[in-house]
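No hydrogens, no waters, no symmetry mates; every other heavy atom, side chains included, goes into these values. Remember, it's a predicted structure, so these values are computed and weren't measured experimentally.
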Amino acid sequence: MSSNNMIESNKKVRLFLLIFICFSLIFISYNHEFWRDEGHMMNMALGSSFNDLLIEGKYEGFFPIHQVLLKFIYFFTGSKEFSLKFLTIFFFILTGAVLFKYRNISNFFFLIILLSYPIFYEYSVINKHYIMLVPSMIYLILEKEKNINTLLFNIIFLCSTGVFGIIISFSFVISNLKFFFPLKKNFLIKFISFLICIYFTSFLFPIADRLWNPIRIPNLENAIYILKRILLTTNYISNFFQVDSLWESFKYPSGLKSIFIMLMSITFFFFIFFNILRKCNINELFFYLSTNILLFFFFLISSHHGNRHYFIILLFSYFFSAKIIYLNSKRDLYVFCLKYLTLILLIISFFNTSYISIKDYYFNFSNSKKLADFLKKENINCSKILSFPAYSFNSWSVYFDKKCTTLFLENRKIASFYTLKGHSDNYDFTKLKDLILFSDKNYLILSCSNKCSEEYNQVLEVLKRNKRDIKIFNQDTLVGNREKFLLINLNNIYEFEKKI
């Protein structure tokens with residue numbers, strides 16, 4: 001077979017793989033029930049004007065590009081669910097399309113990176129903004145001949161997505177100053193681009209009443225914890241379901257698995273660093289190291305980040321690994337070792353994707369859609385419902401395409417979007433008894449823990465409800481820390497079947 005025929009054949013195989021993966025994503029995504037953070041993005045987009053979005057962005061800690069795009073899509077579709085899912089699926093397809101053009105990358109790597117846990121499930125099934133970073137990351141790392149206008153667009157877009165994009169863009173620019181200076185050519189375009197990026201960066205500046213504290217004094221214990229989580233991101237199944245922490249797992253055979261994953265991760269990062277160093281490419285070395293160091297430093301000084309945020313470091317390294325393995329002419333033992341170590345880590349990540357996707361299919365973390373379907377079936381007006389805590393309103397209200405307004409008990413405000421300005425979880429619904437009973441709402445949805453028994457008894461005692469006025473939603477199928485709801489009739493209009 002001639003080389004042209006082989007290239008054409010590989011192209012068809014890759015196209016088939018991309019189509020297959022995209023259909024799989026659509027199927028799994030539409031089974032996934034919205035979490036509170038996902039609904040929060042949609043309610044923020046629709047419940048705020050463009051000017052309010054900029055104000056709220058200061059409290060959220062990033063420029064609200066995700067919400068602006070959601071508002072735009074909803075304007076044409078009128079569906080909250082479609083708008084949220086369309087955006088992540090679109091950027092996933094864009095990620096595949098950008099990666100598609102690098103034909104030196106093997107079809108197996110193409111398949112396994114798109115099905116990796118961070119890209120497929122964490123970034124694309126879960127409807128947040130992280131997948132929006134990936135196409136631009138690929139361009140900055142893998143593209144050899146960069147067009148200045150395309151490059152500036154990707155840098156601006158990365159900065160608009162938040163702190164991770166700002167760090168990656170900043171590291172790239174500092175690492176490639178010769179490319180940007182002198183500014184004689186395209187001076188105005190470059191200058192305006194940098195001003196826009198500085199404006200996006202200003203959303204990270206500390207302000208009062210922000211949900212998360214952007215600056216705190218780092219300590220060694222936090223550094224060790226963050227490093228541990230980064231090195232274990234491939235082994236994310238236990239983290240996702242909160243089975244065992246690393247140190248606790250040392251007591252069991254699974255501790256050996258954790259040590260093995262850690263050693264592979266350390267070797268993986270070392271091989272990337274060593275191969276870049278051997279090329280004596282100072283720009284690439286600085287780009288790789290500065291990005292990882294700045295991301296680590298951000299995790300160290302920020303109080304608001306979780307395990308899933310650490311994936312950005314692993315994903316950044318995967319693309320650098322692909323560049324070393326597939327896009328450089330030099331082939332030796334070190335590159336060979338890096339190739340198969342990368343593939344092993346990606347295969348482990350793929351099994352995480354498969355496991356968690358199946359788990360999410362049968363046991364959704366949130367029961368928001370089931371709850372919303374029940375409310376629709378009973379013809380309950382979503383604007384006649386109180387929800388406590390206020391933030392739990394986001395998960396189920398997003399399934400109603402009309403605007404749902406509620407009385408947010410914590411700040412006594414009637415709206416469709418609960419601002420995170422000064423947000424606190426330290427509220428007790430029993431202290432808001434009078435506000436609940438004397439509102440014009442007909443129902444109270446109460447998010448609860450365990451088997452809802454404590455909240456159930458409080459409702460009976462404090463709100464003086466009859467047992468028939470309370471429905472424990474989906475109690476039997478929920479275990480662990482997954483979301484549960486009490487649906488409480490406040491005015492006895494409806495009678496619910498007793499299922500306790």
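When the side-chain contact (heavy atoms from CB on, under 4.5 Å) test is applied to Leu227, the partners found at least two apart in sequence or on another chain are Leu231, Phe296. Applying the side-chain contact (heavy atoms from CB on, under 4.5 Å) rule to Ser321 yields the partners Phe268, Ile272, Ile325, Leu338, Thr342; only residues at least two apart in sequence or on another chain are considered. In this structure Tyr334 satisfies the ring pair (Phe, Tyr, Trp, His ring centres under 6.0 Å) test together with Phe274, sequence neighbours excluded. Every side-chain contact (heavy atoms from CB on, under 4.5 Å) that Thr95 has, sequence neighbours left out, goes to Leu114, Ile131, Val134, Pro135, Ile138. Taking Lys58 as the reference, nothing meets the salt bridge (Lys or Arg N to Asp or Glu O under 4.0 Å) condition, with sequence neighbours excluded. Applying the disulfide bond (SG atoms under 2.5 Å apart) criterion to Cys197, with sequence neighbours excluded, gives no partner residue. Residues satisfying the side chain to side chain donor-acceptor pair (under 3.5 Å) criterion with Lys377, sequence neighbours excluded, are absent altogether. Evaluation of the ring pair (Phe, Tyr, Trp, His ring centres under 6.0 Å) rule for Phe200 yields Phe63 as partners, not counting sequence neighbours. Under the side-chain contact (heavy atoms from CB on, under 4.5 Å) criterion, Ser79 pairs with Thr77, Glu81, Phe82, Asp401, not counting sequence neighbours.
A donor and an acceptor atom, one from each side chain of Ser49 and Asp52, are located under 3.5 Å apart. The closest side-chain donor-acceptor pair between Ser124 and Thr88, if any, does not fall under 3.5 angstrom.
Remark: aromatic rings of Trp396 and Tyr399 are distant, center separation not under 6.0 Å. Between Phe273 and Tyr288, a ring centre-to-centre spacing not shorter than 6.0 Å is recorded. The six-membered or imidazole ring of Phe320 lies near that of Phe316, with a centre-to-centre distance under 6.0 Å. The aromatic ring centres of His129 and Tyr123 sit 6.0 Å or more apart. In this structure, His309 has its ring center closer than 6.0 angstrom to the ring center of Tyr130. Between Tyr340 and Phe336, the ring center distance clears the sub-6.0 Å criterion.
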Which atom pairs, one a donor and one an acceptor, fall under 3.5 Å between side chains of residues 155-175 and the rest of the protein, sequence neighbours left out?
| from | atom 1 | to | atom 2 | distance (Å) |
| --- | --- | --- | --- | --- |
| Ser160 | OG | Phe157 | O | 2.6 |
| Thr161 | OG1 | Leu158 | O | 2.6 |
| Ser169 | OG | Ile155 | O | 3.4 |
| Ser169 | OG | Gly165 | O | 2.9 |
| Ser171 | OG | Ile167 | O | 3.0 |
| Ser171 | OG | Ser290 | OG | 3.3 |
| Ser171 | OG | Thr291 | N | 3.4 |
| Ser171 | OG | Thr291 | OG1 | 3.3 |
| Ser175 | OG | Ser171 | O | 2.5 |
| Ser175 | OG | Phe287 | N | 3.1 |

Sequence neighbours left out, cut at 3.5 Å: what donor-acceptor pairs do the side chains of residues 36-47 make with other protein atoms?
| from | atom 1 | to | atom 2 | distance (Å) |
| --- | --- | --- | --- | --- |
| Arg36 | NE | Glu483 | OE2 | 2.7 |
| Arg36 | NH2 | Ser447 | OG | 2.6 |
| Arg36 | NH2 | Glu483 | OE2 | 3.0 |
| Asp37 | OD1 | Tyr391 | OH | 2.7 |
| Asp37 | OD2 | Lys128 | NZ | 3.1 |
| Glu38 | OE1 | His32 | NE2 | 3.3 |
| Glu38 | OE1 | Asn127 | N | 2.8 |
| Glu38 | OE1 | Asn127 | ND2 | 2.6 |
| Glu38 | OE2 | His32 | NE2 | 3.0 |
| Glu38 | OE2 | Trp35 | N | 2.8 |
| His40 | NE2 | Glu60 | OE2 | 2.7 |
| Asn43 | ND2 | Asn394 | OD1 | 2.9 |
| Asn43 | ND2 | Ser397 | OG | 3.1 |

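Contacts classified as side-chain hydrogen bond (donor to acceptor under 3.5 Å, both in side chains) and involving residues 16-29 (residues at least two apart or in different chains) are not found.
Ser106 has its side chain within reach of Phe109: a pair of non-hydrogen atoms, C-beta onward, lies under 4.5 Å apart.
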